[in-house]
Amino acid sequence: MEKLQSLRGMVDLLPEQMPLWQLIEATFRSQFERAALREIRTPLLEVTELFARGIGEATDVVGKEMYTFQDRGERSCTLRPEGTASVVRAALQHGLLSQGPQRLWYTGPMFRYERPQAGRQRQFHQVGIELLGFADPRSDAEAIAIAWDLLSELGVGGLALELNSLGDPADRAAYRTTLVGWLEEHQEQLDADSRERITTNPLRILDSKNPDTQAVLAKAPLLIDSLSEASRGRFEAVRGCLDALEIPYRLNPRLVRGLDYYTHTAFEITSSQLGAQATVCGGGRYDGLIEQLGGSPTAAIGWAIGLERLVLLLAQAQAADIAALTSPTPDVYLVSRGEQAERQALLLSRQLRQAGRSVELDLSGAAFGKQLKRADRCGAPWAVLIGEGEAEQGVVLLKDLRGDGEEQRLSSEQLKRALSSF
RNA sequence: GCGGGCGUCGCCAAGUGGUUAAGGCAGCGGCUUGUGGUGCCGCCAUCCGGGGGUUCGAAUCCCCUCGCUCGCCCCA
C-alpha cells in the first residue's frame, strides 16, 4: 500500500519545533499589546470574489496561485492567500470602522499554490497588522517601527529595510504611461518575460531579477519622478519620521509590491541570510482598498511577516537562548506497579495536577526499572513511586532524580506539601 | 508551469554489477523478575521511493513514474 503523506507544500510542525514557534508568538503578542493593537481572527475560507476584487485580477496571486473550488452550494470559495482582504472585509461587515479607526493584528495560515522552495510552502503562516483609518505619515512610520522592533527583539540579524513610494492612483497611471512608452522603445533589449509584461503589468518589470534586463532598466524613468507634489511631500514626511526613530532604510525605486492595492509607502524587510526568498516582512499603504471592497474611502496601512522565514532566520541565528529552547518537562514522573497502586497513582496524578504540578503518569504497567528509566529520560526532577507495599500502607516514595536518588517515604498529604515548596 | 540536484531502517549513513545490504543514533528486550542515569549482550531493511527493462546476476546500468530539494516566475 502506498504510504500516506502530507500534500506537497503542506508541512507538519513537529513538537520539537514548537518551543521556537511559541517564543515567536509570545513575543509578537507582547509587542502588539504594547502597541495597543487588538487581535482579529477571520475565516480561512472566503468567497473568491473578495480576493479577486481586493488583490487584483492581474496579479500572480489571484491569477495562478489561489486554492479555489466550488462548495456544495456551488459557490466559488478560496483559501485565503493573504490576510489583509479578509480583515478589511470583516471590519466592513461588522461596522468596525464606524466606531473609529482600528488598530488590528492577526496571525494564521495562508495558502498559495506555488512550487515549494526554501522559505516557501503552500500552506504558510503570517502575522500581520492593519491600521485602518489612519492617513498621517506618522502611521506609516509607526507600522514600520512595530515590525522593525519585533524583528529586533527576536534577535534576527542581517536585516535591511527597503522603502519606496508608489504615489496615488493618478501618479501611478501617469508613471505607467511614461514607463510603457520607454519600455516599448527598448523592447528588443528586454527578456521575453518582461516584454510580455509591458501590456499586462509593466510596473513589475522593474524588479525583474534578470541581470540583463536590470542593466537596461538602470536608465528607465523612475516612479519617484512622476509623483505629484503632494505625494512627494508625503513621502518626505514618512522618511522624516523614520529618521526621527533612527530606523535605517534604503530607498529602492524599483520596489513594486505584487498586490494591486498598494499606494504611497511600500516597504520590505529582507535578510541576507534567507536564500532566494529574502523578504521576511512586506507591507505598505493601501488607501484605495477599503473603498474597493465597498466601504467609504479610508486610508490604511499594514504589513505581514512570514513566520516560516522568521523561524528559518532564528534557527540559524544560534543564539544561546534559542538553541536551548526545549519542550517543557514534567515536574513529576509517576511510577506504579500493581492494581491498587496503579489506581492510586491515577488518582494522585490528577490531584497533583489540580494542585498545579505537571505530572506524567506511567501507563505501561512495566517493571519498576523500566518505568524509572523512562522517568529519568523524560527529564523530570522528581519521581513518585507507588508499589504494592506502599499502596497498602497509604504512602508513596518521593525520589530525587537529579541528585543521588534519595527517597523519602511520605503520605500523599506530605507529598503535596513537599512538592508545593519547590 | 519550467530548469538543476537527490531518493538505502524513525533519523544520520556505508555500499557504484555477484556482500547474509556495514556502522552510528533512537527504539525494544536481557544482564538487574520493586529502583533510573554508566557499562555489556541481543533484537531491529528478504530489501534499497514505485514500475518496467538490460544481465547468468542490479541498491548499484537504462527508461518511465512518484516524491523531496534548490532555483526561475512570484511572494511572506
Side-chain angles (χ1 to χ4, degrees), chain A residues 1-9 11 14 16 55 58-66 80-84 107-128 147 151 191-194 196-197 201 204-205 207-211 255-259 268-271 274-283 302-313 333 335-338 341 362 364 366-391 397 399-407:
Chain A
M1 197 163 80
E2 203 169 313
K3 273 187 229 162
L4 256 20
Q5 56 177 329
S6 61
L7 256 12
R8 165 176 290 179
V11 305
L14 300 175
E16 178 177 71
I55 300 172
T59 60
D60 278 22
V61 169
V62 172
K64 56 180 203 192
E65 295 172 3
M66 294 204 301
R80 63 182 187 194
E82 56 105 46
T84 302
T107 188
M110 307 293 165
F111 304 84
R112 291 185 200 171
Y113 195 92
E114 301 179 86
R115 259 330 251 287
Q117 65 186 73
R120 180 161 76 199
Q121 283 87 44
R122 289 182 172 183
Q123 175 175 335
F124 62 103
H125 298 79
Q126 290 186 331
V127 60
L151 295 170
D191 60 282
D193 248 12
S194 296
E196 245 172 74
R197 286 215 182 88
N201 206 333
R204 270 231 309 284
I205 298 175
D207 54 13
S208 163
K209 277 177 194 150
N210 183 306
L255 175 63
V256 180
R257 317 239 42 253
L259 313 183
E268 285 184 3
I269 300 175
T270 60
S271 167
L274 264 182
Q277 309 304 319
T279 305
V280 63
C281 175
W303 50 252
I305 285 175
L307 294 180
E308 279 78 2
R309 291 182 188 177
L310 192 50
V311 166
L312 237 42
L313 285 172
Y333 192 94
V335 168
S336 59
R337 187 93 164 116
D362 193 304
S364 68
F368 256 64
K370 292 289 157 206
Q371 295 192 46
L372 236 4
K373 199 183 180 86
R374 279 190 278 269
D376 182 56
R377 254 180 320 196
C378 85
W382 302 98
V384 168
L385 321 193
I386 310 178
E388 280 163 14
E390 289 77 24
L397 299 175
K399 186 178 178 73
D400 177 3
L401 293 173
R402 287 287 169 69
D404 53 7
E406 179 200 350
E407 281 174 23

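Proteins come first, then strands; the chains are lettered A, B, ... in the order of their sequence lines, and each starts at number 1. Hydrogens, waters and symmetry mates are skipped; everything else that's a heavy atom, side chains included, is used.
In terms of position on RNA chain B, the residue among L307(A) and A367(A) whose nearest nucleotide sits closer to the 5' end is A367(A). Across the interface with RNA chain B, nearest-nucleotide mapping of V11(A) and C281(A) shows V11(A) to be the residue nearer the 5′ end.
For G7(B) and G50(B), the P atoms lie 13 Å apart once the distance is rounded to whole Å. Comparing U46(B) with C9(B), their P atoms sit 11 Å apart, to the nearest whole Å. Distance check on atom P: C43(B) versus A59(B) gives 24 Å, rounded to whole Å. To the nearest whole angstrom, the two C1' atoms, one in C41(B) and one in G34(B), are 23 Å apart. Comparing the same atom, P, in A22(B) and in C64(B) gives a spacing of 32 Å after rounding to whole Å. When the C1' atom is used for both C28(B) and G10(B), the distance is 13 Å, rounded to whole Å. Of the P atoms belonging to C6(B) and C61(B), the separation is 11 Å, rounded to the nearest Å. Nucleotides C68(B) and C11(B), compared at atom C1', are 16 Å apart to the nearest Å.
No contact: G128(A) has no heavy atom under 4.0 Å from any strand. Residue-level contact check: E268(A) touches neither bases nor backbone, having no heavy atom under 4.0 Å from any strand. Among the protein residues, G387(A) comes within range of the nucleic acid bases, having at least one heavy atom under 4.0 Å from a base atom.
Under a 3.5 Å cut-off, the side chain of R115(A) and the backbone N or O of G9(A) do not form any donor-acceptor pair. Counting only distance, with no hydrogens or angles, the side chain of Q371(A) and the backbone of S336(A) share a donor-acceptor pair below 3.5 Å. Judged by distance alone, with hydrogens and angles left aside, the side-chain atoms of E308(A) form a donor-acceptor pair with the main-chain N or O of H125(A) at under 3.5 Å. Using modelled atom types, one side-chain atom of T107(A) and one backbone atom of Q126(A) make a donor-acceptor pair closer than 3.5 Å.
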side-chain contact (heavy atoms from CB on, under 4.5 Å) between D400(A) and W382(A), intermediate numbers included: CA-CA 5 Å; D400(A) 177 3; W382(A) 302 98; 3.7 Å; yes

From CA spacing to verdict: side-chain contact (heavy atoms from CB on, under 4.5 Å), D362(A), R374(A): CA-CA 8 Å; D362(A) 193 304; R374(A) 279 190 278 269; 3.3 Å; yes

Evaluation steps, side-chain contact (heavy atoms from CB on, under 4.5 Å), between L151(A) and L313(A): CA-CA 10 Å; L151(A) 295 170; L313(A) 285 172; over 6 Å; no

I205(A) and V256(A): CA distance, side-chain angles, deciding distance, side-chain contact (heavy atoms from CB on, under 4.5 Å) verdict: CA-CA 9 Å; I205(A) 298 175; V256(A) 180; over 6 Å; no

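C44(B) is unpaired under the criterion used here, namely a Watson-Crick or G-U wobble arrangement in which both key atom distances are under 3.5 Å. Under the Watson-Crick or G-U wobble criterion, with both distances below 3.5 Å, C72(B) is paired with G1(B). Both distances falling under 3.5 Å, in either a Watson-Crick or a G-U wobble arrangement, place C25(B) opposite G10(B). Here G17(B) sits opposite no nucleotide as a Watson-Crick or G-U wobble pair (both hydrogen-bonding atom distances under 3.5 Å).
Atom CD of Q371(A) and atom P of G29(B) are 12 Å apart (whole Å). Separating the CZ atom of R122(A) from the P atom of U69(B) is a distance of 11 Å, rounded to the nearest angstrom. Straight-line distance from the CG atom of L4(A) to the C1' atom of G50(B): 16 Å, rounded to whole Å. One atom, CD of E16(A), and another, P of C11(B), lie 13 Å apart when rounded to the nearest Å. I205(A) has its CD1 atom 18 Å from the P atom of C72(B), to the nearest Å. The distance from atom CD of Q5(A) to atom P of C66(B) is 13 Å, rounded to the nearest whole Å. Between the CD atom of E388(A) and the P atom of G34(B) there is a distance of 10 Å, given to the nearest Å. In this structure, D60(A) places its CG atom 12 Å from P of A76(B), rounding to the nearest Å.
Taking all atoms of both residues into account, the shortest heavy-atom contact from L372(A) to A383(A) is CD1-CB, 4.2 Å. Between P81(A) and M66(A), the closest heavy-atom pair is CG-SD, 4.1 Å. Nearest heavy-atom pair across A341(A) and G387(A) is CB-O, 3.7 Å.
Within residues 112-120 of chain A, the residues that place at least one heavy atom under 4.0 Å from RNA chain B are, in residue-number order, R112(A), E114(A), R115(A), Q117(A), A118(A), G119(A), R120(A).
Residues satisfying the side chain to side chain donor-acceptor pair (under 3.5 Å) test with R309(A), not counting sequence neighbours, are none. Residues passing the side-chain contact (heavy atoms from CB on, under 4.5 Å) test with R122(A), sequence neighbours excluded: R8(A), M10(A), Y67(A), Y113(A), P116(A). Under the side-chain contact (heavy atoms from CB on, under 4.5 Å) criterion, L397(A) pairs with L385(A), E390(A), E407(A), R409(A), not counting sequence neighbours.
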B/S/- contact track for nucleotides 35-40 of chain B, protein heavy atom under 4.0 Å: BBB---

Which atom pairs link the protein and nucleotides 43-45 of chain B when you take only N or O atoms and keep those under 3.5 Å?
none

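Distance from the side chain of E65(A) is smallest for C74(B) among the nucleotides G34(B), C74(B), A76(B).
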